[in-house]
Amino acid sequence: MKIYISGPMTGIPEYNFPAFNQAADYLRRSGYEVINPAEFGDPLLSWEANMRRAIRGMMKADRVVVLEGWEKSRGARIEVELAEKLDIPVVNMFEKAVNG
């Protein structure tokens, strides 16, 4: 199963990459294939360019896992709304459903 990680980046120290990478490590150790936008995002590119990259990555996922604070992130809200419209399940990183 491929999992895409969604969460806040803009305005957070280090673009919140440590939280994304920690989640990716945990999910990979749990046997999932992970699509982590922190691994292919580029802080030198525009928000729009990074969102295009992120959404392309998300389209390969079977499930979207959201990190804490995703509700406050314009990009993560867009990702979640799109995932829901496309019937891609969205779960919180800390819910048991991640493992389901």
- Item | Transitive ILVMFWY side-chain link I12 to M51, under 4.5 Å | no
- Task: Report yes or no: do M1 and M93 belong to one cluster of Ile/Leu/Val/Met/Phe/Trp/Tyr joined by side chain heavy-atom distances under 4.5 Å?
- Result: yes
Which pair of non-hydrogen atoms, one from [X] and one from [Y], has the smallest distance, and what is that distance?
X: A61; Y: Y4; result: CB-CB, 3.6 Å
X: G7; Y: S73; result: O-OG, 4.0 Å
X: A38; Y: M9; result: N-CE, 3.8 Å

- Task: Measure from NZ or CZ of R74 to the centre of the six-membered ring of W47, then state whether that distance is under 6.0 Å and the direction lies within 45° of the axis.
- Result: yes
Within the structure provided, determine whether [X] and [Y] are in side-chain contact (heavy-atom separation under 4.5 Å).
X: N36; Y: N21; answer: yes
X: L82; Y: I88; answer: no
X: L67; Y: I5; answer: yes

- Steps toward side-chain contact (heavy atoms from CB on, under 4.5 Å) verdict (R53, D42): CA-CA 9 Å; R53 282 183 173 192; D42 184 346; 3.8 Å; yes
- Message: What's the separation between atom OH in Y15 and atom CG in N50, rounded to the nearest 0.5 Å?
- Response: 9.5 Å
- Message: As an exercise, state the distance from NZ of K60 to CD1 of I35, rounded to the nearest 0.5 Å.
- Response: 7.0 Å
- Below 4.0 angstrom, N of the basic side chain to O of the carboxylate: do E39 and R28 qualify? yes
